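Let me begin by presenting the structure, written as structure tokens, before commenting on it.
Note that ligands are numbered from 1 as they come in the structure, with each ligand's atoms numbered from 1 the same way. Computed from a predicted structure; not experimentally measured.
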Amino acid sequence: MFFIFYGAFAQSKPAWYNEQYRPQIHFTPKQHWMNDPNGLVYFNGTYHLFYQYYPGAAVWGPMHWGHATSKDLFHWQHHPIALYPDSLGYIFSGSVVVDYKNTSGFGINGKIPLVAVFTHHDPKGEKEGRIDYQNQSLAYSLDEGKTWKKYSGNPVLKNPGIKDFRDPKVGWNEAAGKWMMTLAVLDHINFYSSTDLKTWTKESEFGKDVGAHGGVWECPDLFSLDYEGKKVWVLIVNLNPGGPNGGSGTQYFIGDFNGHNFIPFATDTRWLDYGPDEYAGVIYSNTGNRRIFLGWMSNWQYGQQVPTKEWRSAMTVPRELSIKKEEDKYLIASVPAKETDRLSAKEFKLQNVNASHFNLTSKAGKLKGPAKLIINSDRLEDFSITVSNSSGQQLVIVFDKVTNTYFIDRTHSGKVDFEKGFAAKHTAPRLASGQQFNLILVIDNASVELFADDGRTVMTEIFFPDTIFSDMMIESNDKFYLKTLQLITLRSVYK
Ligand code: FRU
């Protein structure tokens with residue numbers, strides 16, 4: 001009897017994925033603290049996601065690499081911790097490459113090694129007031145990421161005497177026939193090259209006097225994208241603080257990379273995501289021509305205070321990057337990766353909508369979970385989209401013609417008092433010109449991601465309402481007509 005009772009009691013505990021604020025389509029750890037995505041690599045039909053993880057609490061602590069895998073970037077299988085701290089320190093951010101040619105010599109019996117290149121952060125050295133406590137190290141896996149061995153010759157790239165020296169992103173540079181490492185060094189980027197991943201030669205520096213410098217440069221990435229048959233290079237540099245709406249943010253530069261130097265086409269500051277809640281974003285390696293981007297969906301300003309109990313933080317939806325040209329300016333555009341479509345459940349579609357005062361909920365019904373809203377128009381006017389719940393909590397998404405900006409106001413979005421800067425209105429410039437307009441909103445239980453104008457302006461925001469936002473209303477003081485409106489409900493990845 002006792003056992004039956006106990007069993008019933010145990011089952012009445014809600015499943016972990018049903019907890020309040022738990023995202024239903026975004027990756028979260030079951031428990032405890034997560035920050036940056038690490039080691040994003042696609043290998044043998046599987047996407048690997050390693051991530052900064054502290055298994056001891058739901059706040060930052062001694063860093064490990066957590067591990068999950070997926071076939072479709074949405075349904076994730078959780079795996080045991082891949083990398084634990086050791087005598088050289090915590091395991092900070094870094095990347096994973098597929099060493100097809102076994103340049104590292106780690107491969108045996110014809111097995112292709114996955115090689116992780118990461119920062120060893122020595123907390124003892126930090127405490128003692130040394131400045132050389134961040135160094136780059138290697139680990140490798142011969143069983144597709146299941147188990148990892150640290151390299152006995154670690155560290156492979158020693159600290160030259162500068163505190164912030166971290167987050168190596170490594171890629172194979174075809175033209176140079178070498179591995180290239182992009183490393184964040186306080187207020188600039190160092191590029192290194194190697195033929196075996198073990199010995200690194202400094203090639204050049206970039207960025208001391210360009211872009212945004214409101215904080216420390218972290219988590220960089222360097223990759224090429226095709227634009228009308230031309231190879232264009234993108235350098236991503238994450239920055240904390242100094243982001244476009246406070247706290248941390250992701251900036252980028254577009255230019256050329258000749259195997260030694262990065263030569264920017266322009267040196268003004270550009271943000272890959274203007275919202276407050278995308279950080280440390282980088283792309284997957286080994287995905288052919290696709291550039292799939294994933295970021296941490298939080299902000300160092302309040303990431304450790306957000307009101308989730310069992311776990312903290314999620315990743316953004318995977319995004320596909322491309323280059324667009326606006327007059328003579330190259331821009332990165334990002335949109336939800338096409339894998340998002342596989343979550344589509346029900347679609348509600350209308351054409352020629354007068355959106356001056358359009359109660360979408362009265363037409364399409366209340367939202368019960370994640371959804372995607374897609375609208376487009378031939379003539380952009382001022383408008384607002386309000387998503388709300390029955391407690392009167394709301395998130396307001398606005399376009400303002402006079403200032404040519406999008407903004408998102410989460411001041412009354414539910415629980416906001418855990419940090420003084422959280423209740424705020426955030427802005428982003430419209431980077432597209434012309435009247436043609438389209439917008440995708442990806443809405444989950446505790447986040448919205450805005451992709452405007454084919455992804456030229458992107459904003460990510462998190463929020464914590466008492467119950468999910470179920471109602472949607474579009475309003476405009478002008479004559480705002482939508483050519484089409486689609487509301488697509490998305491299946492939870494747990495169902
Ligand atoms: C960025 C970051 C990285 C570092 C890691 C530590 O969010 O600060 O620079 O490697 O987090 O967890």
For F407, does the six-membered ring have the charged nitrogen or CZ of K425 within the cation-pi criterion, i.e. under 6.0 angstrom from the centroid and within 45° of the normal?
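Verdict for F407: a cation-pi partner in K425.
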Which protein N or O atoms sit under 3.5 Å from any N or O of ligand 1? Give each pair with its distance.
unit_1   : atom_1 : unit_2 : atom_2 : d
ligand 1 : 7 (O)  : D36    : OD1    : 2.7
ligand 1 : 7 (O)  : D36    : OD2    : 3.2
ligand 1 : 7 (O)  : W300   : NE1    : 2.8
ligand 1 : 8 (O)  : E218   : OE2    : 3.0
ligand 1 : 9 (O)  : R166   : NE     : 2.7
ligand 1 : 9 (O)  : D167   : OD1    : 3.4
ligand 1 : 9 (O)  : D167   : OD2    : 2.6
ligand 1 : 9 (O)  : E218   : OE2    : 3.2
ligand 1 : 10 (O) : S93    : N      : 3.1
ligand 1 : 10 (O) : D167   : OD1    : 2.6
ligand 1 : 11 (O) : N35    : ND2    : 3.2
ligand 1 : 11 (O) : D36    : OD2    : 3.1
ligand 1 : 12 (O) : N35    : ND2    : 3.1
ligand 1 : 12 (O) : Q52    : OE1    : 2.6
ligand 1 : 12 (O) : W60    : NE1    : 2.9

H75 atom NE2: more than 12 heavy-atom contacts under 6.0 Å:
yes
Around D417, counting heavy atoms of other residues, nucleotides and ligands shown, do more than 12 lie under 6.0 Å from its CG?
yes
Does anything in residues 181-191 form a side chain to side chain donor-acceptor pair (under 3.5 Å)? List the pairs, not counting sequence neighbours.
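Found H188-N190, N190-Y192.
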Does this structure show an ion pair linking K150 with D86, if we count only N-O contacts that are shorter than 4.0 Å?
yes
Before we go on, tell me: are the rings of W148 and F50 under 6.0 Å apart, centre to centre?
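Yes: the rings meet the under 6.0 Å criterion.
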